[in-house]
Participant: 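Below are the structure tokens for one structure; questions will follow.
Computed from a predicted structure; not experimentally measured. Protein chains get the first letters and strands the later ones, always in sequence-line order, with residue 1 at the start of each.
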Number of protein chains: 2
Amino acid sequence: MTPEQVDATFAALAHPVRRRVLDLLSGRPGMIVGAVASHFDISRIAVMKHLATLEDAELVLSEKVGRERRLYMNPMPIQQIYDRWTNQLSGFWASRMADIKESVERRSEEKKHA
Amino acid sequence: MTPEQVDATFAALAHPVRRRVLDLLSGRPGMIVGAVASHFDISRIAVMKHLATLEDAELVLSEKVGRERRLYMNPMPIQQIYDRWTNQLSGFWASRMADIKESVERRSEEKKHA
DNA sequence: TTCATTGGTAACCCGATGGTTACCTTTTCT
DNA sequence: AGAAAAGGTAACCATCGGGTTACCAATGAA
């Protein structure tokens, strides 16, 4: 996965509408553009732009059937990114972090009451 | 985790500089602001703004010690988000998706050569 | 063949974001 | 006390992102 692809994926996930689109498509694969758009208060064109960035990031795949476009979510980029991150950040996860957070909060409390 | 927190987390992760900051802090917990800034070509103030959004998203915790600020990465928001998503999107992961992607690509190839 | 449906493009607008420089405050070192 | 070091604030600027309306193209149904 190239850095550009990583970038595109994170950027695509940054918008709540796009995340909801992924939710919709994961629940009902093969939805067409208009059906997706009908779930939002914004214009169809706005939704289409979101779909475009999702497709750029390969988080959504589509096939054209007649005059309509069927949309499918592709979870693999998320999977890949998560794998890389968890490896890269390992030795760090969970338990050790809880200690640090607690210690920071404790000290900040001490200062408040000082 | 409130929707706002989810939003803040994804938005914070959307910028490559901020992701690199997290990498740095995970590798060397307790770095101070200037040390982090020295790893980038942009100004210290720009880096501080990135740190601010990371702290808003609680992806970075900090404690002030004398005139310096020690910075720590907090992986828990990422962990939580990933857990929710994998549950929400389950029934979908990996194998089933590979089939769909292949089928889409095959049909698109057929069209090209038609 | 019309005409409705579905999707796509173009041009535009505004607010958010990411960057800058200039200046100020606090802490530490001599 | 005074200077250097570390961090923070303010004001500003350019680009980008997310939205809009208006219009066009292709497909399918009557």
Side-chain angles (χ1 to χ4, degrees), chain A residues 3-4 6-22 24-25 28 30-57 59-72 104 107-108 111 114, chain B residues 3-4 6-22 24-25 28-57 59-72 104 107-108 111-112 114:
Chain A
E4 292 78 29
V6 176
D7 247 49
T9 305
F10 275 110
L13 292 174
H15 199 287
V17 165
R18 289 192 288 264
R19 293 197 300 275
R20 245 187 96 207
V21 168
L22 292 181
L24 286 172
L25 294 181
R28 185 137 44 102
M31 284 181 80
I32 72 179
V33 174
V36 171
S38 72
H39 283 74
F40 298 90
D41 284 342
I42 61 180
S43 73
R44 176 181 58 89
I45 291 87
V47 173
M48 281 181 40
K49 288 191 186 179
H50 287 302
L51 286 171
T53 83
L54 285 168
E55 291 199 75
D56 287 347
L59 284 164
V60 162
L61 309 173
S62 74
E63 53 175 346
K64 207 169 190 176
V65 175
R67 67 179 161 186
E68 35 190 37
R69 246 176 77 220
R70 305 266 168 80
L71 303 166
Y72 305 90
V104 169
R107 294 193 204 180
S108 123
K111 281 195 183 165
Chain B
E4 292 79 28
V6 176
D7 248 49
T9 305
F10 275 110
L13 291 174
H15 199 288
V17 166
R18 290 192 289 264
R19 294 198 300 275
R20 245 187 96 206
V21 168
L22 292 182
L24 286 173
L25 294 182
R28 185 136 43 103
M31 284 181 81
I32 71 179
V33 174
V36 171
S38 72
H39 284 74
F40 299 89
D41 285 341
I42 60 180
S43 72
R44 176 181 58 89
I45 291 86
V47 173
M48 281 180 40
K49 288 189 187 180
H50 287 302
L51 286 171
T53 83
L54 284 168
E55 290 198 77
D56 286 347
L59 284 165
V60 163
L61 309 173
S62 75
E63 53 176 346
K64 208 168 188 176
V65 175
R67 67 177 161 186
E68 36 191 35
R69 245 175 79 220
R70 306 265 168 81
L71 303 166
Y72 305 90
V104 169
R107 294 193 205 181
S108 126
K111 279 195 184 165
K112 263 186 201 165

Participant: Taking OP1 and OP2 of C:dT20, is either one under 4.0 Å from a side-chain nitrogen or oxygen of B:Ser43?
Facilitator: yes

Participant: Any chance you could measure B:Leu54, atom CG, to B:Ser62, atom OG, to the nearest 0.5 Å?
Facilitator: 11.0 Å

Participant: Atom CZ of A:Arg20 and atom P of D:dG18: how far apart are they, to the nearest Å?
Facilitator: 16 Å

Participant: Can you figure out which of C:dT27, C:dG7, C:dG19 approaches the side chain of B:Ile42 most closely?
Facilitator: C:dG19

Participant: Taking CG from A:Leu51 and C1' from C:dG8, how many angstroms apart are they, rounded to a whole number?
Facilitator: 12 Å

Participant: Could you measure the distance from the CD1 atom of B:Ile45 to the CG atom of B:Leu51? Nearest 0.5 Å is fine.
Facilitator: 12.0 Å

Participant: Rounded to the Å, how far apart are B:Ile45 CD1 and D:dA10 P?
Facilitator: 13 Å

Participant: Between atom CG in A:Asp7 and atom C1' in D:dG17, what is the gap in whole Å?
Facilitator: 15 Å

Participant: Output the rounded distance in Å from NZ (A:Lys64) to C1' (C:dT5).
Facilitator: 14 Å

Participant: How close do A:Glu55 and A:Leu61 get, counting heavy atoms only, and between which atoms?
Facilitator: OE1-C, 4.4 Å

Participant: Which heavy atom of A:Arg19 sits nearest a heavy atom of A:Leu13, and at what distance?
Facilitator: NH1-O, 2.8 Å

Participant: Looking at B:Arg69, does any N or O in its side chain come under 4.0 Å of the phosphate oxygens OP1/OP2 on D:dG8?
Facilitator: yes

Participant: Using the closest heavy atom to pick a nucleotide of DNA chain C for each, name whichever of A:Lys49 or A:Glu68 lands nearer the 5' end.
Facilitator: A:Glu68

Participant: Quick check on DNA chain D: between A:Thr53 and A:Arg67, whose nearest nucleotide comes earlier from the 5' end?
Facilitator: A:Thr53

Participant: Looking only at side-chain N and O atoms, does A:Arg18 come under 4.0 Å of OP1 or OP2 in D:dG18?
Facilitator: yes

Participant: Nearest of D:dG8, D:dG19, C:dG7 to any side-chain atom of B:Met48?
Facilitator: D:dG8

Participant: Take atom CZ in B:Arg20; do more than 12 heavy atoms of anything else shown fall under 6.0 Å from it?
Facilitator: yes

Participant: Looking at B:Arg44, I'd like to know whether one of its side-chain N or O atoms comes within less than 4.0 Å of OP1 or OP2 on D:dG8.
Facilitator: no

Participant: Would you say B:His50 reaches C:dG19's phosphate, i.e. side-chain N/O to OP1/OP2 under 4.0 Å?
Facilitator: yes

Participant: Which is true for A:Ile32 with a 4.0 Å heavy-atom rule: it touches a base, it touches only sugar-phosphate, or it touches nothing?
Facilitator: sugar-phosphate

Participant: Specify the separation, in whole Å, of atom NE2 of A:His15 and atom P of D:dC16.
Facilitator: 18 Å

